[in-house]
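Notes follow once the structure below has been shown.
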There are 2 protein chains.
Amino acid sequence: MSVSFHAVRRQPATGHSTAFHATAVHSVAPPAPVTASLPEHLSLLRDPGTIQRFARNETIFHEGDPARHILQILSGTVRLCRHTPDGRRHVAEFVMAGDLCGVFGGTAQSFTAEAVTGVGVMLHPRAQFDRMAECDPAFRAKVLSHLSTHLLSVQMHSFVLGCQNAKERLASFILRLAERTGATRSGRLELAMGRQDIADHLGLTVETICRAITALRNERVLDVPNTHQLVLRNVDALSDLAGAASLN
Amino acid sequence: MSVSFHAVRRQPATGHSTAFHATAVHSVAPPAPVTASLPEHLSLLRDPGTIQRFARNETIFHEGDPARHILQILSGTVRLCRHTPDGRRHVAEFVMAGDLCGVFGGTAQSFTAEAVTGVGVMLHPRAQFDRMAECDPAFRAKVLSHLSTHLLSVQMHSFVLGCQNAKERLASFILRLAERTGATRSGRLELAMGRQDIADHLGLTVETICRAITALRNERVLDVPNTHQLVLRNVDALSDLAGAASLN
DNA sequence: CGGGACATTGAACAGTTTCAAAGCGCGTGG
DNA sequence: CCACGCGCTTTGAAACTGTTCAATGTCCCG
């Protein structure tokens, strides 16, 4: 099967090394409705001065950088990844509009964040975040809940990597993406990331991703109008493939 | 490489279905030293009435069970796993003496816990745990830190599953186990779990685990005095194999 | 219209799985 | 106390999925 004999065959990230040093902002937290999710809660702190933009393939922060801010993605898609000395890459996660990143992991970033597309982010100073957690029990509960959810999703991904074959992995990925973007109904799914990104996320190669997509297309499970769009023609078939990895 | 074509070939868990319903206990939390880790902190609550024992291969709780307690492992080793309808098994994690399990994930267990060896656990009622988190900021900090550490380790495991081949996975596993049990110095490592457990943890088959162990033995990296013991003869070689998956 | 990055397809190769059988250790019972 | 039996581990050989290498195709942007 598929372990990676990962040669060094990676896109030469057209990266610009964009260190980012936003100035800390001390806005006062307005009362948040108790029903709001953590990202919603945070977005109430909105302060135009803390917004930044990144171009496609730009590096937002590096693994090991001091984690002075919590980032809220306003638009676009970000990949959190890890690069090894011998050229392998592991994409731990894709972070999309509405999501947070950098909430956990202490004082240093545990991943490199790169813009998959053009990206807009809002920066929340960690100090402010910590202060809110200190004072506001409801906020704390949200943080905890957010963290648990996140943990669950990482564990689910471990399952995918540990137990599924190529087609199953792709199906799990597609379904999860569809759920996150709300595309499950319309059946139309935007793929912000390229095949290589998907491959590195699923522990496969680009070629295998292509072949798996082609296979699903031939089985009338998917339509592929273009490289960055999928139409889900048979969600049940996808769910069957994804198996336990789809919450359905 | 290695996806799992996981047929249904599993040990027929000699399991006894041991539901566990411990009575809630309301001990008062004694002040904990600020330096204590979360497990240490919890162990100060020790109450003999909340201790339970489980025999090898017994089920401690099932995925989906209500999570009324947080478990602290006193002795033995536990595997947290997930069983799929078609007979695949994913061992998410091994939990060992001193570790906690069931801290996160909300009101329902997200994994099945099975005793790898005979196991002694202490049960901490979740309500009590929550109360402490409510009142004690230092305790909260420990929970947070514990959770972050745990998240990191799951992400590291994702990397192992996504990017490494059989020998590398085994090396990563052995090194991590050695660190956790403090066997890095002595070089002598107790393997509480069987080959099948390791295989299901690393997304490989038993046979592949055996062959990888044999290979490392032939390369003088390991000695294998018996099935449940390893001697680390060349930690550097192991670290090289584990690559980025070893912290140092 | 041309160029380059990305996607797709093909063919050969390789690591892991699968199937099968033998080896070993350990507890139980004679 | 020894022998048998059962479960787990180990080894071998063949099959198979995914990788690697290579070439072609496609789309977008300048």
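Here is how names work: the chains are called A, B, and so on, in the same order as the sequence lines, proteins then strands, and each is numbered from 1.
Of the possible donor and acceptor atoms, none in the side chain of B:T77 sits under 3.5 Å from a partner among the backbone N and O of B:T117.
Comment: B:R82 does not engage B:D200 in a salt bridge, judged by the lack of any side-chain N to carboxylate O separation of less than 4.0 angstrom.
Between B:H150 and B:F104, the ring planes lie tilted relative to each other; the angle falls in the 30° to 60° range.
Between B:R88 atom CZ and C:dT18 atom P the separation is 10 Å, expressed in whole Å. Computed from coordinates, the B:Q196 CD to C:dT17 P distance equals 11 Å when rounded to whole Å. A:L170 has its CG atom 17 Å from the P atom of D:dT17, to the nearest Å. One atom, CD of B:E207, and another, P of C:dA21, lie 14 Å apart when rounded to the nearest Å. Atoms CZ (A:R56) and C1' (C:dG4) sit 12 Å apart, rounded to a whole Å. Atom-to-atom, CG of B:L191 to P of D:dT10 comes out at 10 Å; the value is rounded to the nearest Å. Atom NE2 in A:H228 sits roughly 12 Å away from atom C1' in D:dT26 (whole-Å rounding).
In this structure A:V235 satisfies the side chain to side chain contact (heavy atoms under 4.5 Å, CB included) test together with A:L175, A:L232, A:S239, sequence neighbours excluded. Listed by chain and number, the residues in a salt bridge (charged side-chain N to carboxylate O under 4.0 Å, His left out) with A:D65 amount to none (sequence neighbours excluded).
Each salt bridge (Lys or Arg N to Asp or Glu O under 4.0 Å) pair with one or both residues in residues 223-238 of chain A, not counting sequence neighbours, appears once here: A:D223-A:R233. Evaluation of the side-chain hydrogen bond (donor to acceptor under 3.5 Å, both in side chains) test over residues 209-222 of chain A, restricted to residues two or more places apart or in two chains, returns A:K167-A:E219.
A distance of 7.0 Å separates OG of A:S158 from CD of A:Q155, quoted to the nearest 0.5 Å.
Rounded to 10°, the angle separating the first-five-pair axis and the last-five-pair axis of the helix from C:dC1-D:dG30 to C:dG30-D:dC1 equals 30°.
Interface residues of residues 208-227 of chain A facing DNA chain D, ordered by number: A:T208, A:R211; criterion, heavy-atom separation under 4.0 Å.
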